[in-house]
Amino acid sequence: VTRPADFLLTGAGELLTLDPALGDGPLGVIREGALAAGGGQIVWVGRTGDVGKEVRLLPGGREVDAHGGVVMPGFVDSHTHSIFAGSREEEFAQRTAGITYQQIAAAGGGILTTVRATREATTDELVAVATRRLDLVLQHGTTTMEAKSGYGLTTADEIKILEAIRRLQEAHPIEIHPTFCGAHEVPPEYRENADGYIDLVVGEMIPAVAARRLAEHCDVFCDQGGGFSVEQSRRVLQAGLEHGMRPRLHADEFAASGGAELAAEVGALSADHLLRVRRDGIRALKAAGVTATLLPGTAFFLGLPYAPARAFLEAGVRVALATDFNPGSCYTPNMQLILTLACTQMRMTVEEAIESATVGGAHALGLQTQVGALTPDRWCDLLVLDLPNYYHLPYLYGVNHVQTVVKAGEVVWPREVST
Ligand code: NIG
Ligand code: FE
């Protein structure tokens with residue numbers, strides 16, 4: 001019997017299913033691959049030569065010919081600060097002259113520069129600037145992304161950012177998962193009173209965000225010398241949990257401050273950055289089943305050491321790769337560049353890097369049954385890459401290989417011009 005489908009992809013030189021049971025090697029590669037979807041979800045994967053006996057494309061259905069290119073799942077970018085106003089090119093120029101990111105932050109710049117611009121913006125303005133940014137994200141192959149608040153730092157401004165994200169969820173093809181990150185930085189009003197700010201986050205912001213159902217996750221910047229202490233971070237994450245938000249956190253970015261251990265203690269979905277993680281932190285993540293989200297674009301952009309990816313992999317910790325897309329520490333929407341950095345700077349294999357940027361990201365967001373792999377019943381979120389084989393993806397770097405982006409069985413890039 002043939003399966004009815006409203007979307008059919010044929011002619012993939014390599015179809016990376018990301019399920020080793022469906023094809024060759026750890027990425028489950030099917031040569032001369034094909035895939036069919038119905039109602040946005042995958043119904044069949046196999047070989048192009050078998051399409052005729054397996055699939056029946058319904059009238060009005062869409063067919064895409066990959067012309068021998070590589071087809072893979074859309075990237076799942078599980079850590080972004082992509083909703084903000086303004087930009088920080090002057091601070092970037094200062095950094096090129098030798099001033100550090102942390103010196104800029106200590107002088108009232110950095111995150112607070114973006115806070116000032118974001119507080120001044122209306123919801124409409126935030127949606128407009130973020131739409132252009134998300135278009136870039138989509139063109140570079142990300143079909144699912146996390147987006148954090150954290151540039152408002154008042155109840156009203158944090159809600160404004162999350163409401164902008166809600167409007168983008170409705171209007172933009174990218175699947176967006178919102179995170180409340182009110183404890184991203186101490187705002188100027190609380191400069192000498194970080195505990196007082198945590199009281200506001202816990203007592204007012206989290207209940208207000210939860211009442212409006214604006215965030216799935218709760219994040220906190222847990223670090224030493226900038227950022228919040230383990231005790232402060234624990235209060236935020238526990239309050240988030242009590243209000244139905246799943247914990248995730250910025251951990252051990254600038255100092256080994258116990259963030260990984262806290263992630264394990266509260267059962268976080270993910271601990272992120274981890275440049276300075278200790279052995280005990282790695283063991284704690286493994287024991288608690290927390291995903292380690294590595295952001296090599298940030299280490300690259302700030303000139304910091306890279307997270308010990310091999311130590312995580314050898315300890316059996318699940319690894320995700322994400323951009324950290326934000327105007328200060330990593331201003332790129334491009335997951336393909338992150339793959340190159342993971343391979344060349346963190347010594348991940350090409351296969352490990354691709355898995356971490358798809359399946360790994362899905363785990364970091366708790367979406368592992370829905371996205372990240374091209375297998376029946378998952379969303380049909382895929383990329384057609386103009387490449388002869390998947391090794392070229394991190395190898396020919398600094399350019400965009402994405403030719404076509406499909407989200408839930410619809411071609412969303414290039415935009416189809418209606419006539
Ligand atoms: O993940 N560490 C804190 N937050 C961001 C930086 C945000 C910014 O500089 O605007 C990060 O690197
Ligand atoms: Fe971040």
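What you see below is based on every heavy atom in this structure, not just the backbone, and it leaves out hydrogens, waters and symmetry mates. Read the numbers this way: they start at 1 and go in the same order the structure lists the ligands and their atoms.
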Heteroatom proximity flag, Arg88 to ligand 1, N/O under 3.5 Å: yes
Polar proximity ligand 1 side, His250 side, N/O cut 3.5 Å exclusive: yes
How far is [atom] from its nearest protein heavy atom, and which residue and atom name does that atom have?
atom: atom 8 (C) of ligand 1; answer: Asn326 OD1, 3.2 Å
atom: atom 11 (C) of ligand 1; answer: Asp324 OD2, 3.2 Å
atom: atom 3 (C) of ligand 1; answer: His184 NE2, 3.6 Å
atom: atom 9 (O) of ligand 1; answer: Tyr101 OH, 2.4 Å
atom: atom 2 (N) of ligand 1; answer: Glu253 OE1, 2.9 Å

Going by distance alone, is a donor N or O of one side chain under 3.5 Å from an acceptor N or O of the other, for [X] and [Y]?
X: Asn334; Y: Thr332; value: no
X: Ser149; Y: Glu158; value: yes
X: Asp252; Y: His273; value: no

Region of Glu185 that comes within reach of ligand 1 [heavy atoms, distance under 4.0 Å]: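 No part of Glu185 is near ligand 1 at this cut-off.
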Mode of Tyr151 contact toward ligand 1 - side chain, backbone, both, neither (heavy atoms, under 4.0 Å):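 Within the 4.0 Å criterion, Tyr151 contacts ligand 1 through side-chain atoms alone.
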Aromatic plane relationship, His392 with Tyr395 - under 30° parallel, 30 to 60° tilted, over 60° perpendicular: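 Geometry flag for His392 against Tyr395: perpendicular rings.
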Aromatic plane relationship, Phe221 with His250 - under 30° parallel, 30 to 60° tilted, over 60° perpendicular: perpendicular
Whether His81 has an N, O or S atom under 2.8 Å from the Fe ion (ligand 2):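 For His81, the answer is yes, given that an N, O or S atom comes within less than 2.8 Å of the Fe ion (ligand 2).
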Side-chain ion pair, Arg31 and Glu14, N-O less than 4.0 Å: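 The answer is yes: the pair qualifies as a salt bridge.
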Under-4.0 Å salt bridge between Asp135 and Arg132: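 Not counted as a salt bridge, because no side-chain N and carboxylate O are separated by less than 4.0 Å.
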Under 4.0 Å to a heavy atom of His79 - the qualifying atoms of ligand 1, by number: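 Taking each heavy atom of His79 in turn, ligand 1 has 1 (O) under 4.0 Å.
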NE2 (His79) - the Fe ion (ligand 2) - NE2 (His250) angle, nearest 10°: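 That angle is 90°.
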Any Thr114 heavy atom less than 4.0 Å to ligand 1: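 In this structure, Thr114 fails to qualify as a contact of ligand 1 - no heavy atom is under 4.0 Å.
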Main-chain N/O of Val384 paired with Thr404 side-chain donor or acceptor, under 3.5 Å: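 Judged by distance alone, no pair lies under 3.5 Å.
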Charged tip of Arg88 within 45° of Tyr331 ring normal and under 6.0 Å: no
Row check, Phe301 ring normal vs Arg95 NZ/CZ: under 6.0 Å, within 45°: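 Yes, a cation-pi geometry.
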N, O or S atom within Asp324 nearest to the Fe ion (ligand 2), by name: OD1
Residue selection (non-hydrogen contact nearest atom 12 (O) of ligand 1) among Ser329, Cys330, Gly328, Ala105: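 Residue with the shortest heavy-atom distance to the ligand atom: Ser329.
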